[in-house]
Amino acid sequence: MARPRTRRPERAEQYESPAYRDLQARLAAGVRRLREAKGWTQEEAAHRCGMPTRLLQRVEGEDVNATFTTLARLCEGFEVDVAQLLQPRK
């Protein structure tokens, strides 16, 4: 069973801010769009990005506070610039 996330109480508002939620949604949509365009499963995409499948699933599910390391792995795996991952949703 997954342990509940622990977040610092003083940062709680940041995780609910419109800017944070928008970036999280844009990243999730970008990863999903690129993965589907390549015809990859989540498992294959995770492998190509050098990360556990569960982490990729959490990114797509808007359930992770992605680090720069995660962003770099996604860019390398999908062979795109970070701007392509964070394109505004349509």
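Note that this is a predicted model, so its numbers are computed, not measured.
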Rounded to the nearest 0.5 Å, what separates atom [atom1] in [X] from atom [atom2] in [Y]?
{"X": "Gln24", "Y": "Tyr15", "atom1": "CD", "atom2": "OH", "value": "10.0 Å"}
{"X": "Met51", "Y": "Leu74", "atom1": "CE", "atom2": "CG", "value": "4.0 Å"}
{"X": "Asp22", "Y": "Leu27", "atom1": "CG", "atom2": "CG", "value": "11.0 Å"}

Self-check item: Partners meeting salt bridge (Lys or Arg N to Asp or Glu O under 4.0 Å) with Arg48 (sequence neighbours left out)
Solution: Glu44

Self-check item: Set of residues satisfying salt bridge (Lys or Arg N to Asp or Glu O under 4.0 Å) with respect to Arg32, sequence neighbours excluded
Solution: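 Salt bridge (Lys or Arg N to Asp or Glu O under 4.0 Å) list for Arg32, sorted by chain: Glu60.
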
How far apart are the closest heavy atoms of [X] and [Y], and which atoms are they?
{"X": "Tyr20", "Y": "Val64", "value": "OH-O, 3.9 Å"}
{"X": "Arg33", "Y": "Gln87", "value": "NH2-OE1, 3.4 Å"}
{"X": "Glu62", "Y": "Ala28", "value": "CG-CB, 3.5 Å"}
{"X": "Cys49", "Y": "Gly77", "value": "SG-CA, 3.7 Å"}
{"X": "Arg26", "Y": "Leu86", "value": "NH2-O, 2.5 Å"}
{"X": "Asp81", "Y": "Cys75", "value": "C-SG, 3.9 Å"}

Quiz item: Has the side chain of Arg35 got a donor or acceptor atom that lies under 3.5 Å from a matching backbone atom of Ala45?
Solution: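 No, the answer is negative, given that no donor and acceptor are paired below the 3.5 Å cut-off.
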
Quiz prompt | With sequence neighbours excluded, residues passing side chain to side chain donor-acceptor pair (under 3.5 Å) with Thr67 | solution =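 If we apply the side chain to side chain donor-acceptor pair (under 3.5 Å) test to Thr67, skipping adjacent residues, the hits are Thr70.
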
Exercise. Can you tell me which residue pairs pass the ring-ring contact (aromatic ring centres under 6.0 Å, His included) test with a partner in residues 31-78, sequence neighbours excluded?
Key: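 Those involving residues 31-78 are Trp40-Phe78.
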
Quiz item: Near Glu13 CD, under 6.0 Å, is it more than 12 heavy atoms from other residues, nucleotides or ligands?
Solution: no

Quiz item: Hey, any chance Leu23 and Leu71 share a hydrophobic cluster, counting ILVMFWY side chains that come within less than 4.5 Å of each other, even indirectly?
Solution: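 They do not share one cluster, since no chain of ILVMFWY contacts under 4.5 Å joins Leu23 to Leu71.
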
Quiz item: With Glu76, which residues qualify under side chain to side chain contact (heavy atoms under 4.5 Å, CB included), at least two apart?
Solution: none

Exercise. Check whether the side chains of Gln57 and Gln42 place a donor and an acceptor atom closer than 3.5 Å, and report yes or no.
Key: yes

